[in-house]
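Structure first, then comments.
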There are 2 protein chains.
Amino acid sequence: MTLRYTGMNFLVNRPAMNHPIPKLQELRAACSNCSLRELCLPIGLSIEDLNALDNLVSVRKRVKRGGFLFRDGDDFQALYAIRTGFMKSTVITEDGRDQVTGFHMLGEIVGLDGIGSSKHSCDMVALEDSDVCVIHYENLEDFTQRLPQLQLNLHKIMSREIVREHGVMLLLGSRDADERLAAFLVNLSQRLKLRGYSPTEFVLRMTRAEIGSYLGLTFETVSRLLSRFQADGVIEVNQKNIRIQNLEALKDLTRRASCN
Amino acid sequence: MTLRYTGMNFLVNRPAMNHPIPKLQELRAACSNCSLRELCLPIGLSIEDLNALDNLVSVRKRVKRGGFLFRDGDDFQALYAIRTGFMKSTVITEDGRDQVTGFHMLGEIVGLDGIGSSKHSCDMVALEDSDVCVIHYENLEDFTQRLPQLQLNLHKIMSREIVREHGVMLLLGSRDADERLAAFLVNLSQRLKLRGYSPTEFVLRMTRAEIGSYLGLTFETVSRLLSRFQADGVIEVNQKNIRIQNLEALKDLTRRASCN
DNA sequence: CGACACCTTGAAGAGGTTCAAGAAATGTGG
DNA sequence: CCACATTTCTTGAACCTCTTCAAGGTGTCG
């Protein structure tokens, strides 16, 4: 079987949810038909509400690999739901250093950083050709006024982002390099599993440097640790291809009590 | 002038916004009269809306120093607006290590972590006797349905928390110890200034260990750095009392380009 | 006043960074 | 489609920042 490019080939074992390349007239999104709706903003909405939502999420946008969905300083206009692809968010300092603050995959909502100040405060870069639903924010505010469930969903999404970041802070503040990288791999694995992909075999869409930036490590350290995990028989690495041999061992690494 | 205890004596130079000890019958909150409303949830609400809000935020709660406002695992019931006092939030790992994820002062909303999963995912501990307005979440959802401005405010507050955490991630992931501590002091200074307090002279309500936990450093490192900043003439330290001698130098420390 | 928590400072040690060099993969243009 | 440039990755060795361990000092509260 030869697969056409679907924008989801950052995954190895593709399940039965391939999307064909959308034709232009299909670029209109439709939450009611979307296979991701149980992961996304419309979680648990009724049929009627879903139909209403289709009028809100009416545009899609493609971002080529390496392209920006939005940039630090851009006026905030919309939230974006990732349909296919993979993205990273980065914050930049005055002196030019930057830090990856998150990796985002299908079904996730990005752009939440812009609501507070009406400007985006990070860059959102596609790590592979990506396809997003554009959720115009002013319209969304109107919709949430009428759909309490939608409002709740939005609040939950934002709250979960806050909790996710708590986890990253814990990682960066209290764990050593092994634990950070192990936690990163386990997290990726779990998110892929939730989307129906293999939790043990996948392709990293980001470079070692990007992983390092996210984890507060240098790319050399990431590279060395991947090699060591492989030597220990926990994972198998081949360039960007990862196969987790012993998921339990990896999970143990993330919670290894270092006697304090 | 001898001041009665107002729950705000973590600050040195008190401006003209002292609250008397609330008598029991005064424990009913009133956003419409609150001097903090320009920092808090009701920012920019009309008079009518403010009056409506008074029915939402109808309870106050006191938390003694060292007490918990809520704990990891508690059912999520409400958000809390800090009226007086000072708090820290901490997340805990399975192996018992914990990390401070934030320090919170008057006018700030805490508890946002609980919305996503209906359970709180961190501890919220009072670092001094504190007084909070209880915003029952179900009621809040009803109110935001009717008050678009209130909904927007809530979204902005959550978005800003996300952005704040981006900043902490940057701090923990990309900066050395000097830069972290300098950034911490500058941040405290700015938040105090916003509330009408002296930005250059204040009392730390947290221990060196808590600062260290927040910044991903040991308490010894924090202690050493405070001493060094003092030796460099940037600040003056006397136990928990801080006087910033050279705010610009401190700000420079936070953005010192280390040539990469 | 004594117990306890908190803070300071020193010295040794370790984990991760930096610098460096080469290999492998990827992309580009003719 | 191949050659070349560029990016990415791996691995080693020296170094450095921050941690760990330790001991003594200071402040606070019952």
Side-chain angles (χ1 to χ4, degrees), chain A residues 9-10 64-67 88 97 99-100 125 127-129 171-182 184 203-232 235-242 253 256 258-260, chain B residues 5 9-10 64-66 88 97 99-100 125 127-129 171-182 184 203-232 235-242 253 256 258-260:
Chain A
N9 64 358
F10 67 97
K64 284 222 166 291
R65 176 163 173 240
K88 69 167 178 180
R97 280 180 288 185
Q99 161 115 6
V100 174
V125 181
L127 295 182
E128 66 170 357
D129 292 3
L171 214 59
L172 294 174
S174 317
R175 329 299 307 233
D176 64 21
D178 302 33
E179 297 174 308
R180 294 185 205 183
L181 187 61
F184 169 75
V203 177
L204 301 172
R205 293 322 291 192
M206 69 295 280
T207 65
R208 307 288 194 261
E210 285 160 341
I211 298 172
S213 172
Y214 182 60
L215 298 177
L217 303 169
T218 60
F219 69 91
E220 294 99 325
T221 300
V222 172
S223 179
R224 268 185 261 269
L225 286 177
L226 286 173
S227 299
R228 218 186 66 209
F229 285 179
Q230 175 162 255
D232 294 348
I235 63 173
E236 208 176 285
V237 194
N238 191 322
Q239 290 300 113
K240 307 242 181 188
N241 303 289
I242 300 284
L253 271 175
R256 185 189 45 208
S258 26
C259 307
N260 49 352
Chain B
Y5 179 67
N9 63 0
F10 68 95
K64 285 220 167 292
R65 176 160 175 241
K88 68 167 178 180
R97 279 179 289 184
Q99 161 116 6
V100 173
V125 182
L127 294 182
E128 66 170 355
D129 292 3
L171 214 61
L172 294 174
S174 316
R175 330 299 307 232
D176 64 20
D178 302 33
E179 296 174 307
R180 294 185 203 182
L181 187 60
F184 169 75
V203 176
L204 301 172
R205 294 321 292 192
M206 70 294 281
T207 66
R208 306 288 194 262
E210 285 161 339
I211 297 173
S213 172
Y214 181 60
L215 298 176
L217 303 169
T218 60
F219 69 90
E220 293 99 327
T221 301
V222 172
S223 179
R224 270 186 260 268
L225 285 177
L226 286 173
S227 299
R228 217 185 69 209
F229 285 179
Q230 175 162 255
D232 293 347
I235 62 173
E236 208 176 283
V237 194
N238 191 321
Q239 291 299 116
K240 306 242 181 188
N241 303 288
I242 300 284
L253 271 176
R256 184 188 47 207
S258 27
C259 307
N260 48 350

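Note that this is a predicted model, so its numbers are computed, not measured. Lettering follows sequence order; numbering is per chain, from 1.
- Checking Arg224(B) against Arg65(B), the closest nucleotide of DNA chain D that is more toward the 5' end is the one next to Arg224(B).
- One cannot find a donor-acceptor pair under 3.5 Å joining the base of dT8(C) and the side-chain atoms of Arg228(B).
- Set against dC18(D), dT10(D), dC21(D), the side chain of Glu220(B) has dC21(D) as its closest nucleotide.
- Comparing dT17(C), dC6(C), dT8(D) by their nearest atom to the side chain of Thr218(A) picks out dT17(C).
- Looking at which nucleotide of DNA chain C each of Gly216(A) and Asn238(A) is closest to, the 5′-most match is held by Gly216(A).
- Here the side chain of Asn241(A) pairs no donor or acceptor atom with the backbone of Val203(A) at under 3.5 angstrom.
- Under the salt bridge (charged side-chain N to carboxylate O under 4.0 Å, His left out) rule, Glu128(B) has a single partner from Lys240(B), Arg205(B), Lys64(B), which is Arg205(B).
- For Phe219(B) and Gln239(A), each mapped to the nucleotide of DNA chain D holding its nearest heavy atom, the one lying further toward the 5' end belongs to Gln239(A).
- In this structure, the nucleotide among dC7(C), dC18(D), dT18(C) sitting nearest to the side chain of Asp176(B) is dC18(D).
- The residue Leu226(A) sits apart from the nucleic acid: no heavy atom pair falls under 4.0 Å.
- Dashed line: the shortest gap from a side-chain N or O of Lys240(A) to OP1 or OP2 of dT26(C) is not under 4.0 Å.
- For the pair Thr221(A) and dT17(C), the criterion of a side-chain N or O lying under 4.0 Å from OP1 or OP2 is met.
- One can place CG of Asn241(B) at 14 Å from C1' of dC7(C), the figure rounded to the nearest angstrom.
- For the atom pair CG (Leu225(B)) and CZ (Arg180(B)), the distance works out to 10.5 Å, reported to the nearest 0.5 Å.
- Ile211(B) CD1 to Phe184(B) CZ: the interatomic distance, rounded to the nearest 0.5 Å, is 4.5 Å.
- In the set dT11(D), dT8(C), dT17(C), the nucleotide with an atom closest to the side chain of Arg208(B) is dT8(C).
- Side-chain atoms of Asp232(A) and Arg228(A), non-hydrogen and from C-beta on, do get closer than 4.5 Å to each other.
- Here the C1' atom of nucleotide dA25(C) and the CG atom of Leu204(A) are 15 Å apart, to the nearest Å.
- Among the nucleotides dT8(D), dA11(C), dT10(D), the one closest to any side-chain atom of Ser223(A) is dT10(D).
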